[in-house]
Amino acid sequence: MTSEDRLAPIRERIDAIDAELLRLISERADCAREVAKIKEAAGQTTHYYRPEREAEILRRIKTQNPGPLEDEEIARLFREIMSACLALERPLSVGYLGPEGTFTQAAALKHFGHSVRTQPFGTIGDIFREVEAGSCNFGVVPVENSTEGVVSHTLDMFARSPLLIAGEVMLRIHHHLLSRATEIGAVRKVYSHQQSLAQCRGWLDRHLPAAERIAVGSNAEAAKLAARSGDCAAVAGEAAAELYELRSLAQRIEDEPGNTTRFLIIGREDAPPSGRDKTSLLLSCRNEAGGLHRLLTPFAEQDISMTRIESRPSRQGVWDYVFFVDVCGHRGDAEVSGALAQLKTAANLYKVLGSYPEAVL
Ligand SMILES: C=C(O[C@@H]1C=C(C(=O)O)C=C[C@H]1O)C(=O)O
């Protein structure tokens, strides 16, 4: 039997499976449409997106996955199916820190899938404003260990904004050397955001010791500049390569291979409980011995783990600080709401920034 003979029946099976998949996906889309009708009748007209429900579905898919596809891979496929089903009614509009090709755009698509309408904005402040005004349903902003260097700006915006956090996204950041040049030796200038240059310093020292390094506003901006001249390169992500038609001369050039950036989804409301949630808070205490310790004691007493604490100058007094705190659990959970009630009376400043599902993908 030739290999063609052996392939034929397997291909027939694949065709039959595809037909079945198509039928099932269409049936699923019909169900999502029914859900939308019911939500519409109940007066939910701005959007039908339910972050906690999507997180539950993705978690379940991952635990039920029989293989051979990886959990992450199968979840990504279902992510796209849900995104397409949701867009049937009205695609969500999602603002992100642009220009096109930034890691923030990649984070937006990872979280919402490719059927949303993404819209680039020049600054984090613009994204907050557009979501507040209702011209975008959600916004995506980098917050921790960011490659775009805007962590503190995002935190400071929360102090002033009524917006809430509706989700988080973790994105592995891989940097590539992108250029119109055909070989690394031809590169005289390297553009990138200063944090990306810093994250690839070792590689650049070894492979391009003589090239000038130029810091610009974003990696996408760097790719745009690199596209203008044959002896320039950008350190940027894969999306920028495609967008600006650049060759990837070296891949994954970051010095730390585990490099991950965390992004937040901001909206006019946060998310109902999904079973595995986080709550973010903005707090400050009196500037006295043991002040922070007393402030955080309710979490310890209720056995609530804190996943992050970040301090920022309050801008009100020279030595006053505000703290951005993330804890495990939803503000509606008994332990968390008990701790928050105690905290509220002890804190100078107390603001819940939102409860939302832990990142699944
Ligand atoms: C179908 C629903 O609406 C949307 C679509 C979902 C899906 O395709 O599974 C899940 C949650 C919502 O974002 C729902 O609320 O169940």
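For ligands, and for the atoms within them, numbers begin at 1 and follow the listed sequence. We use all heavy atoms of the structure for the numbers below, so side chains are in, but hydrogens, waters and symmetry mates are not. Quick caveat: nothing in here was measured; it's all calculated off a predicted structure.
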Practice prompt. Before accepting this row, confirm whether a basic side-chain N of the pair Arg33/Glu89 lies closer than 4.0 Å to the acidic partner's carboxylate O.
Written response: yes
Fill in: Electrostatic pair Glu310-Arg308, nearest N-O below 4.0 angstrom
yes
Discussion item. Is the distance between the ring centroids of Phe103 and Phe263 under 6.0 Å?
Written reply: no
Fill in: Intermediate values then yes/no, side chain to side chain contact (heavy atoms under 4.5 Å, CB included), Met82 and Ile57
CA-CA 9 Å; Met82 286 196 288; Ile57 293 172; 3.8 Å; yes
Worksheet item: Do Glu80 and His114 have side-chain N/O donor and acceptor atoms under 3.5 Å apart?
Response: yes
Worksheet entry | Any side-chain donor near an acceptor of the partner, Asp326 and Ser280, under 3.5 Å | yes
Worksheet entry | ligand 1: protein residues within heavy-atom distance under 4.0 Å | Arg28, Val35, Lys39, Tyr48, Tyr49, Arg50, Arg53, Glu54, Ile57, Met82, Cys85, Leu86
